[in-house]
Amino acid sequence: QLYQSFPNFAFTTITDNASSSNFNSLQVQDRGYVAPGLQLIASYTWAHAIDNASTDFLASAPPLRGNSDNDVRHVFNAALNYEIPGTRGTNGFLKAVTHGWLLANRFTAMSGYPVNVIQGQYVDAVNQTLNIYPDLVSGKAIYQHNVPNVPGGWELNSAAYSAVPLNADGSPVRQGDLPRNFVKGPGFWNLNTAVERTFPIHEQLHLIFRAEAFNLFNHPNFSFIDTFLPDSTFGQACCQQATVGNPNQLYATGAPRSWQFMLKLQF
């Protein structure tokens, strides 16, 4: 009826509020001085997000309830600042050199984002594009580690998934028993470190120098897993990119290592 009323429209999009979601979490945080000059802030979150549609992008397929696209189960963050004690005594040169130093660290670790393993796609009678889910093979390891010549040495085990039979039109005889977003991508961790020195100039006037290293160990965090079962690269990461944050090196959490130097006049 919509096409008959507006014949010049190439297609129509209908948006409704039929989707639903549920989120549960446990959050724990501790903060304070653990030693003179040593300050710690640490937090841990366990969470589970479930929905039947995580986004309205390409939502022509019927909602399928399962783990959300944003279902990250474990997240740990810690910030550790250490005000390095200066040398005590009457030697003015040593006191000037050793006072005013600060060492700051920020560590982040989290489990991987869900990846939606599919066998393929087909178009049904009402022109909806639907995913075909394979079976999960019992007794087979879902993940493989320390795999040579694979980015990060991590991949999904193709032997853990079995294709379901298809009809002549490409539709599945039945859907597989692998749930939506059941599989998790590789985990993520990152350490940022900064060294800071404050130089007193006069009363409340200070000059601050700071050197920061983002992703200090240049640890690669791989993402964008190939989830299409028939591919020769199935289960492998296609590129190195931060799994959280902005891909810009200066602002991302987990991008390739970058350095930043700062001079600040504080008054």
Side-chain angles (χ1 to χ4, degrees), residues 45-51 54-55 57-58 61 64-76 107-122 129-166 170 172 174-191 214-247 249 252-257:
T45 299
W46 175 91
H48 191 190
I50 302 174
D51 60 30
S54 300
T55 173
F57 179 66
L58 293 180
L64 181 63
R65 193 162 183 83
N67 294 328
S68 169
D69 294 351
N70 304 307
D71 179 40
V72 177
R73 297 296 175 86
H74 307 278
V75 178
F76 175 77
F107 178 76
T108 298
M110 57 189 289
S111 55
Y113 278 89
V115 292
N116 200 28
V117 175
I118 61 172
Q119 175 183 331
Q121 293 181 323
Y122 72 99
T129 301
L130 308 179
N131 291 328
I132 303 173
Y133 290 92
D135 285 328
L136 187 63
V137 179
S138 177
K140 294 290 186 178
I142 297 177
Y143 313 101
Q144 292 184 321
H145 302 275
N146 302 317
V147 182
N149 303 318
V150 171
W154 182 101
E155 68 176 2
L156 299 178
N157 182 13
S158 59
Y161 312 93
S162 176
V164 298
L166 303 179
R174 61 170 179 83
Q175 281 286 15
D177 59 12
L178 180 67
R180 166 179 167 254
N181 285 340
F182 176 78
V183 180
K184 298 290 186 178
F188 171 100
W189 68 267
N190 180 70
L191 176 65
F214 300 93
N215 193 0
L216 177 65
F217 295 109
N218 204 29
H219 170 69
N221 290 284
F222 290 94
S223 60
F224 291 96
I225 307 302
D226 184 350
T227 61
F228 189 56
L229 189 58
D231 284 350
S232 60
T233 56
F234 168 75
Q236 299 179 11
C238 73
C239 52
Q240 178 185 348
Q241 181 172 330
T243 53
V244 296
N246 187 296
Q249 284 185 314
T253 300
R257 180 175 54 217

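Throughout, numbering of the chain's residues begins at 1 and tracks the sequence. These figures come from a predicted structure and were not determined experimentally. Basis for what follows: all heavy atoms, side chains included, without hydrogens, waters or symmetry-related copies.
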Taking all atoms of both residues into account, what is the closest heavy-atom pair of [X] and [Y], and its distance?
| X | Y | value |
| --- | --- | --- |
| Arg257 | Asn218 | N-OD1, 2.8 Å |
| Pro114 | Ser68 | CG-O, 3.2 Å |
| Pro134 | Leu229 | CB-CD2, 4.0 Å |
| Arg73 | Asn67 | NH2-OD1, 3.4 Å |
| Asn181 | Asp69 | ND2-OD1, 2.7 Å |
| Phe222 | Gly152 | CE1-N, 3.4 Å |

Next item on the list: Evaluate whether atom CZ of Phe217 has more than 12 neighbouring non-hydrogen atoms of other residues, nucleotides or ligands under 6.0 angstrom away.
Entry: no
Note to self: Please check if the number of heavy atoms outside Phe182 that lie under 6.0 Å from its CZ is greater than 12.
What the structure shows: no
Taking the side chain as every heavy atom from C-beta outward, state whether [X] and [Y] have any pair of such atoms under 4.5 Å apart.
| X | Y | result |
| --- | --- | --- |
| Leu166 | Gln119 | yes |
| Ile50 | Arg65 | yes |
| Thr233 | Glu155 | no |
| Trp154 | Val147 | no |
| Leu130 | Pro172 | no |
| Leu136 | Tyr161 | yes |

Item checked: Plane angle bin for His48 and Trp46 - parallel if under 30°, tilted between 30 and 60°, otherwise perpendicular -> perpendicular
Which value, rounded to the nearest 0.5 Å, describes the distance between [X] atom [atom1] and [Y] atom [atom2]?
| X | Y | atom1 | atom2 | value |
| --- | --- | --- | --- | --- |
| Asp71 | Lys184 | CG | NZ | 3.5 Å |
| Phe76 | Trp189 | CZ | CH2 | 13.5 Å |
| Lys140 | Ser158 | NZ | OG | 10.0 Å |
| Asp231 | Gln236 | CG | CD | 10.0 Å |
| Phe234 | Leu156 | CZ | CG | 5.0 Å |

Check: Does Ala141 offer a backbone N or O that forms a donor-acceptor pair with the side chain of Asn157 under 3.5 Å?
Finding: yes
Notebook entry, point to check: Under the 3.5 angstrom rule, does the side chain of Ser111 hit a backbone N or O of His74 as a donor-acceptor pair?
Noted result: yes
Next item on the list: Kindly determine whether Asn116 and Tyr133 satisfy side chain to side chain donor-acceptor pair (under 3.5 Å), including the steps that lead there.
Entry: CA-CA 9 Å; Asn116 200 28; Tyr133 290 92; 3.0 Å; yes
Next item on the list: For the pair Arg174 and Asp135, find out whether any cationic side-chain nitrogen is under 4.0 Å from an anionic carboxylate oxygen.
Entry: yes
Next item on the list: Apply side chain to side chain donor-acceptor pair (under 3.5 Å) to Asn190 and Thr108, showing your working.
Entry: CA-CA 5 Å; Asn190 180 70; Thr108 298; 5.6 Å; no
